[in-house]
Participant: 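Below is one structure. I have some questions about it.
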Amino acid sequence: MKKVMAMALALVLFLSAFGNEQVSAKGFSDVPSSHGFSKEINFLVGKGVISQSKTFGVNQKVTREEVAVMISKAIGLGGSKTSTPFKDVPSTSNASGYINSAVKAGIIQGYSDGTFRPKEIVNRGQMAIFIARAFNLTVESPMVFIDMSTNMASFSAVKKIVDSLITTGYADKTFRPNETLTRGQISAFIARAMQRYPNIGVGTGSGTENSKGVASLKGNITWQYNKYIGTRPDVGASVILFPKNNRPVTIKQVIAMQDGKIDASSIGLYYSRIDGFGSYELTNIPAGDYFALYISLKTYRNYLLPVDNNVSSQLKNYVSDYKEGDLGLGLFNHMVVNVQLKDKEQKTISKDWGYSY
């Protein structure tokens with residue numbers, strides 16, 4: 001209890017700093033000066049993160065595209081309209097440039113079906129992930145929330161934003177990671193992060209594209225039907241890219257990602273399925289070291305034989321509860337590759353499984 005009280009007091013003292021920020025922008029009709037988030041919202045208006053209009057929609061639920069725009073502006077990423085890798089974010093969208101910049105910076109990702117789902121509502125756990133990435137937060141608070149566990153995708157990020165006094169959670173010792181956010185709430189979190197770290201972020205603060213190196217990985221995954229028909233695409237096969245500095249995920253999370261129930265970025269991964277031409281492409285990947293897992297869907301291995309011990313031992317570093325044969329490795333052909341991606345590199349990794357077992 002003393003720890004909670006101490007952190008709450010620190011947050012109160014920190015938030016008092018907003019009272020010193022003079023903003024000349026006219027207030028929104030739905031955000032009176034008495035509103036709990038009025039100072040934070042006015043702070044963001046003054047910084048150009050929020051545009052002035054008659055109303056703000058302070059109690060409306062905030063969407064993925066709105067968060068991408070706000071965070072990109074907060075850390076100085078570019079926002080000019082552009083083409084994106086997502087079929088539901090056309091270049092004509094006002095948010096396209098900011099979404100593309102946030103993706104390139106590794107702050108947010110799309111889904112395995114090639115969509116970004118810009119109108120999807122953001123929850124508190126996702127907010128923590130986005131802010132922790134955007135502001136390069138690294139230190140975790142010892143605070144324990146009774147509704148958070150180590151196998152949650154947002155576990156580390158929540159601890160980071162708590163340590164940074166961006167939030168303290170609720171008085172009942174919960175964080176409520178699945179609770180959705182309003183535009184007012186996300187404004188408060190972003191404003192606190194900006195006030196706490198005025199010179200930190202993956203952006204340059206000048207509205208230019210981020211300076212963090214990005215790369216791409218593509219290739220073809222095929223198999224041989226028979227000597228008459230020949231090469232066929234391994235449609236539906238999986239390509240999963242695990243950053244080597246990422247917190248381990250769980251089998252449940254990986255399966256949910258493969259099923260399209262959660263986006264890969266929410267658990268820090270990159271994911272693609274092989275298309276009808278046998279091709280895959282992962283773009284806007286931050287330069288760095290990765291562990292790549294390829295899982296066939298059309299060809300089978302001898303299931304009577306154990307999975308290669310080298311594969312299992314490596315995979316356990318990235319999937320905490322992995323057991324031999326999980327993710328279909330006991331049944332389907334698969335391979336693992338340690339990948340180093342350099343700035344602006346376009347790496348190609350392909351595989352033909354040959355004839356099915």
Side-chain angles (χ1 to χ4, degrees), residues 11 15 18-19 21-81 84 86 88-90 92-103 107-108 110 115-135 154 161 166-167 169-170 175-196 201 203 207 263 265-266:
L11 181 58
L15 295 182
F18 287 106
E21 183 71 24
Q22 301 299 316
V23 179
S24 60
K26 183 179 179 181
F28 299 99
S29 63
D30 59 343
V31 188
S33 59
S34 58
H35 193 282
F37 299 137
S38 64
K39 291 180 180 178
E40 288 94 335
I41 290 172
N42 280 337
F43 173 84
L44 295 184
V45 171
K47 296 295 184 182
V49 175
I50 294 174
S51 298
Q52 185 62 62
S53 61
K54 292 182 178 180
T55 61
F56 179 62
V58 67
N59 294 319
Q60 294 177 7
K61 296 298 184 181
V62 70
T63 64
R64 280 167 56 84
E65 69 175 352
E66 289 173 327
V67 172
V69 170
M70 292 175 72
I71 289 182
S72 291
K73 287 183 177 181
I75 61 176
L77 298 181
S80 300
K81 290 182 180 180
T84 76
F86 308 113
D88 57 348
V89 183
T92 54
S93 168
N94 290 330
S96 62
Y98 293 110
I99 289 173
N100 203 49
S101 292
V103 169
I107 298 169
I108 192 170
T115 64
F116 182 77
R117 305 181 192 177
K119 302 301 181 182
E120 190 171 84
I121 304 302
V122 173
N123 62 39
R124 285 169 56 84
Q126 293 167 334
M127 170 278 298
I129 293 173
F130 301 152
I131 289 182
R133 289 175 179 169
F135 289 87
S154 59
I161 67 169
I166 294 170
T167 185
Y170 289 89
F175 184 78
R176 306 177 194 177
N178 296 319
E179 189 175 87
T180 55
L181 289 174
T182 65
R183 285 169 54 83
Q185 291 168 330
I186 193 66
S187 297
F189 291 128
I190 293 175
R192 293 169 192 169
M194 291 178 68
Q195 187 82 352
R196 181 75 170 173
D263 70 84
S265 67
S266 70

Participant: Quick check: closest heavy atoms across Arg192 and Ile166, and the distance to 0.1 Å?
Facilitator: NH1-O, 2.9 Å
Participant: Minimum heavy-atom separation for Ser51 to Lys73, with atom names?
Facilitator: OG-NZ, 4.0 Å
Participant: Please tell me if the side chains of Phe189 and Ile131 come closer than 4.5 Å, counting only heavy atoms from C-beta onward.
Facilitator: yes
Participant: Minimum heavy-atom separation for Thr55 to Ser29, with atom names?
Facilitator: CG2-OG, 3.1 Å
Participant: Do Asn94 and Lys81 have side chains that approach each other closer than 4.5 Å (heavy atoms only, starting at C-beta)?
Facilitator: yes
Participant: So, taking the atom named CD in Glu66 and the one named CD in Gln60, what distance separates them when rounded to the nearest 0.5 Å?
Facilitator: 7.5 Å
Participant: Taking all heavy atoms of Ile190 and all of Ala74, pick out the closest pair and write down the distance.
Facilitator: CG2-CB, 3.8 Å
Participant: Are side-chain heavy atoms of Phe130 and Ile107 found at a separation under 4.5 Å?
Facilitator: yes
Participant: I want to check something: taking the side chain as every heavy atom from C-beta on, are Val58 and Thr182 in contact at a cut-off of under 4.5 Å?
Facilitator: no
Participant: Taking C-beta and beyond as the side chain, do Val67 and Leu181 meet within less than 4.5 Å on heavy atoms?
Facilitator: no
Participant: Return the minimal non-hydrogen interatomic distance between Ile161 and Phe175, and the atom names on each side.
Facilitator: CD1-CZ, 4.1 Å
Participant: For residues Phe56 and Ser187, report the shortest heavy-atom separation together with the two atoms involved.
Facilitator: CZ-OG, 3.3 Å
Participant: Do the non-hydrogen side-chain atoms of Phe135 and Arg196 ever get within less than 4.5 Å of each other?
Facilitator: no
Participant: OG1/Thr180 to CZ/Arg124 distance, rounded to the nearest 0.5 angstrom?
Facilitator: 10.5 Å
Participant: To the nearest 0.5 angstrom, please state how far the CZ atom of Phe116 sits from the CG atom of Asn100.
Facilitator: 10.0 Å
Participant: Given side chains that start at C-beta, do those of Thr63 and Val122 come closer than 4.5 Å, heavy atoms only?
Facilitator: no
Participant: Indicate yes or no: at least one non-hydrogen side-chain atom of Gln185 is less than 4.5 angstrom from one of Val62.
Facilitator: no
Participant: Judged by atom type as modelled, is there a donor-acceptor pair below 3.5 Å linking the side chain of Ser101 to the main-chain atoms of Gly78?
Facilitator: yes
Participant: So, using side-chain contact (heavy atoms from CB on, under 4.5 Å) as the criterion, who are the partners of Thr115 when residues are at least two apart?
Facilitator: Lys87, Asp88, Tyr111, Asp113, Arg117
